[in-house]
Amino acid sequence: MTTQEYIIQQLQRFLDARQISGIEIILEKPKEEKFGDFASTLALQLAKHLKKNPRQIAEELKAFIPVDERYISRIEIAGPGFVNFFASKTYLYTQLRKILEEKERFGQSAVGKGKTAQIEFVSANPTGPLTIGHGRGAVLGDTLARLLQAVGYKVTREYYFNNAGRQMRILGESVRLRYLELCGEKVEFPEDYYQGEYIIDIARTIFKEKGDALKSETDIAYFKDRAEQIIFTGIKNTIRRLGFEFDVFYNEKSLYDEGKIDEIIERLREKGLIAERDGAVWFLTSKLGFDQDRVIVKSSGEPTYRLPDIAYHVEKVKRGFDLIIDIFGADHIATYPDVLAAVKALGYDVDRIKVLIHQFVTLYEGEEKVKMSTRKANFVTLDELMDEVGVDVTRYFFLMRSMNSHLNFDLTLAKKQSEENPVFYIQYAHARICSILKLAETRKIDLNATADLALLQAPEEINLIKHLVHFPQVVESGALNYEPHRLVNYLYDLATYFHKFYTECRVIGDDLQLSRARLALIDAARLVLANGLGLLGITAPDHM
RNA sequence: GCGCCCUUAGCUCAGUAGGAUAGAGCAACUGCCUUCUAAGCAGUGGGUCGGAGGUUCGAAUCCUCCAGGGCGUACCA
């Protein structure tokens, strides 16, 4: 049992004894040290209910709860009726021991054990290389997957794509025109075609393979397919470089092939949610409380993105995942409310579908704002970014802010000042520890001998231990709230606690017993830093 | 017009379910390397938490209105 659990249990016992129900017990982490490690506002909450002075209730609480040295060392009342609990050192040492025993497992939990989750992200159509815009979604999705796995979920990373339709036709046509240029023909390259350099590269590849044999080929099929192949290979390489792989690439086309698309229309029609107007098929969202209806099949006979999206989400639910996560950029914000409305109207449980929207990445080149667009030539690819600043910095930057905050990414700064980057601050803490451990090894200090942890008494030591002990809760809250940046902030703070400790406390010194205890402490810190960075997909270097 | 997100120190952002004196990094200024990595530590200055009401013991946090910015609001995805 943790100290937190002990306190909650005791508070609950207090409520039970007075037959009070319907109150959820919340423990807070006070900002200031003098207010203890955990604080309860129960007395304040109960004041009105019991028609008593909160201070008096707090006194009763204090008298009621036994000071069990295994968990807490004292209870204090402060302010208007806060009840502050101080974790006992016995508890902290026990937990520190636990970290050293659990090693790379420390931080994992079982709240999601036996559950499955599917995360769909990136999902860029194969019309060009991944850009920085995709990068944020990619890193968020992968990190969320890692976090969910850490709390016990079995996770499927999924990439949904569409290799048919207008975009792909333009892609094929763009490549064909570039190819003709290489064959020495004069061509007019339309403005709304894909302008990027990569199109020329693809054409060049085809030219190398086929010479001018396709010169009079008017069917774009070959150009389109070959372009898709090359682009997809590139995307997969980029993803691999970022540090993960997708488990499933789901082709929108399969929804058509298996009749899922028609099925959705029919089922919506049965619900009276379909109408034909102006040669198009409309989804009557107005009947579901929206302000206007939406077209799901254009008068050309081509479905809009909404229809396959609905079918795809129905499939996801049918596949039986306990948790289904979609990660979109803010520009797709309009696409999901009516999709979910349709899924719900067809009788499926949409509560398990979580749509996460991340705000845009604005790229700066110094003071200059860089506009990005795949169609136009000017974009910075994820690969280029990784070339410049490395994978660790890339991932860290995408993760360090909450996803609903706009991300300003100053490329010039990231390149130039990468030494001052916060990710190095965290990695540096890890490297410093490794360096001390290495020294301990050359001094032949036995790390496996049982250290007397009770020798750890300095405030810097106690603060470090407290922060280490908190790690599993951070992982859990990051996973369950879908907020990876919490872990980033935690690790940054952990590095601060370590650096402070390092400055004040010499690890390897004259007192062998103390050295051993401190080695145990930093080894635990090393484990937590490594586990935490691992969850972020960032390396934990031995030296820098 | 409508929907979603944002507005906190000069700049970039945290602020974990409403809690105690609002935090960090960068930038500015001042100290600390003969000792395990100074990519570090300590300190100083810097704020009407966009504005106005409301809810209550208590609001940066919840509600309403207003202002500013971003993204949408397609028979594009």
Side-chain angles (χ1 to χ4, degrees), chain A residues 24 26 28-32 34-35 39 41 44-45 47-48 53-54 78-82 84 123-125 127 162 165-167 252 277-282 290-292 294-306 308-309 329-337 357-360 362 400-410 413 417-429 431-440 442-443 473-474 477-478 481 483 485-486 488-490 492-493 495-496 498-509 515 518-519 522 543-544:
Chain A
E24 206 184 341
I26 296 155
E28 305 182 345
K29 230 183 91 201
K31 281 179 200 144
E32 292 201 47
K34 65 177 177 185
F35 296 132
T41 56
L44 295 166
Q45 291 174 266
K48 197 190 277 180
N53 184 327
F82 291 99
N84 298 327
S123 293
N125 289 337
T127 57
N162 171 12
R166 194 170 133 264
Q167 295 177 77
E252 180 186 314
R277 286 203 294 264
D278 313 322
V281 181
W282 294 72
F290 290 83
D291 55 349
Q292 54 182 306
R294 304 288 182 181
V295 169
I296 56 172
V297 182
K298 301 183 235 174
S299 50
S300 67
E302 253 180 323
T304 64
Y305 63 86
R306 254 174 265 269
D309 269 10
D331 54 337
H332 285 237
I333 193 132
T335 74
Y336 78 93
I357 307 284
H358 65 82
Q359 296 301 312
F360 267 18
T362 314
M400 68 188 199
R401 306 264 147 84
S402 120
M403 70 177 89
N404 48 24
S405 155
H406 294 258
L407 181 62
N408 291 325
F409 203 124
D410 187 333
L413 213 73
Q417 305 197 340
S418 58
E419 285 181 359
E420 294 168 25
N421 196 285
V423 68
F424 292 109
Y425 179 80
I426 300 173
Q427 291 179 318
Y428 184 50
R432 268 184 155 176
I433 294 173
C434 290
S435 154
I436 300 170
L437 291 173
K438 203 179 288 169
L439 181 68
T442 60
R443 297 269 176 90
Q473 283 167 49
V474 176
S477 84
N481 294 291
E483 292 189 347
H485 77 281
R486 292 189 194 193
V488 176
N489 293 334
Y490 167 85
Y492 191 89
D493 290 342
T496 301
F498 170 75
H499 287 310
K500 282 182 181 174
F501 158 82
Y502 178 90
T503 308
E504 296 302 322
C505 306
R506 179 151 187 104
V507 177
I508 297 174
S515 296
R518 286 181 171 165
L519 283 166
I522 64 166
H543 60 88
M544 291 174 69

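Chain letters run A, B, ... following the sequence lines, proteins first and then strands; every chain starts at 1. Just the heavy atoms: all of them, side chains too, but no hydrogens, waters or symmetry mates, feed the values below.
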Let's see if you can work this out: which of [options] has an atom nearest to the side-chain heavy atoms of [X]?
X      : options                : value
A/T304 : B/rA77, B/rA38, B/rC36 : B/rA77
A/N162 : B/rA38, B/rA77, B/rC41 : B/rA77
A/T496 : B/rC75, B/rA20, B/rC41 : B/rC41
A/D331 : B/rC36, B/rA74, B/rG72 : B/rG72
A/K500 : B/rG19, B/rA42, B/rA77 : B/rA42

Give the B/S/- string for nucleotides 1-12 of chain B, one per nucleotide from 5' to 3', where a protein heavy atom under 4.0 Å of the base yields B, of only the sugar-phosphate yields S, and otherwise -. --BSSS-----S
Spell out, as yes or no, whether a donor-acceptor pair under 3.5 Å connects the side chain of [X] to the backbone of [Y].
X      : Y      : result
A/S515 : A/G509 : yes
A/R518 : A/R506 : yes
A/N125 : A/T127 : no

Compare side-chain N and O positions of A/Y490 against OP1 and OP2 of B/rU16 and report whether any pair is under 4.0 Å apart. no
Find the distance [X]:[atom1] to [N]:[atom2] and express it as a whole number of Å.
X      : N      : atom1 : atom2 : answer
A/F35  : B/rU21 : CZ    : C1'   : 8 Å
A/Q427 : B/rA39 : CD    : P     : 14 Å
A/I26  : B/rG19 : CD1   : P     : 10 Å
A/M544 : B/rC36 : CE    : C1'   : 17 Å
A/F424 : B/rC26 : CZ    : C1'   : 16 Å
A/R306 : B/rG72 : CZ    : C1'   : 11 Å
A/E28  : B/rA59 : CD    : C1'   : 14 Å
A/H332 : B/rC76 : NE2   : P     : 15 Å

Assign [X] to base, sugar-phosphate, or nothing according to its heavy-atom contacts below 4.0 angstrom with the strands shown.
X      : answer
A/E32  : base
A/C434 : nothing
A/H543 : base
A/A78  : base
A/D278 : base
A/R486 : sugar-phosphate
A/A334 : sugar-phosphate
A/A47  : nothing
A/Y492 : sugar-phosphate
A/A431 : base
A/K31  : sugar-phosphate

Between the base of [N] and the side chain of [X], is there a donor and acceptor pair under 3.5 angstrom?
X      : N      : answer
A/K34  : B/rU21 : yes
A/N84  : B/rA20 : yes
A/S300 : B/rC75 : no

To the nearest 0.5 Å, how far apart are OG in A/S402 and CG in A/N481? 12.0 Å
When you compare [N] with [M], how far apart are their [atom1] atoms, in angstrom units rounded to a whole number?
N      : M      : atom1 : result
B/rC76 : B/rG69 : P     : 30 Å
B/rC75 : B/rG68 : P     : 30 Å
B/rC26 : B/rG40 : P     : 7 Å
B/rU55 : B/rU48 : P     : 26 Å

Hey, which sits more toward the 5' end of RNA chain B by its nearest nucleotide, A/F82 or A/K298? A/F82
Of A/T335 and A/F501, whose nearest nucleotide on RNA chain B comes first from the 5' end? A/F501
The dot-bracket string of RNA chain B, counting Watson-Crick and G-U wobble pairs with both distances under 3.5 Å, using [ ] for crossing pairs and | for pairs to another strand, is (((((((..((((.....[...)))).(((((.......))))).....(((((..]....))))))))))))....
N-glycosidic conformation, B/rC65 - syn within 90 degrees of 0, else anti: anti
A/R432 to A/F498 six-membered ring, cation-pi geometry met (6.0 Å, 45°): no
Passing candidate, side-chain contact (heavy atoms from CB on, under 4.5 Å) with A/V507, options A/L519, A/L437, A/L439: A/L519
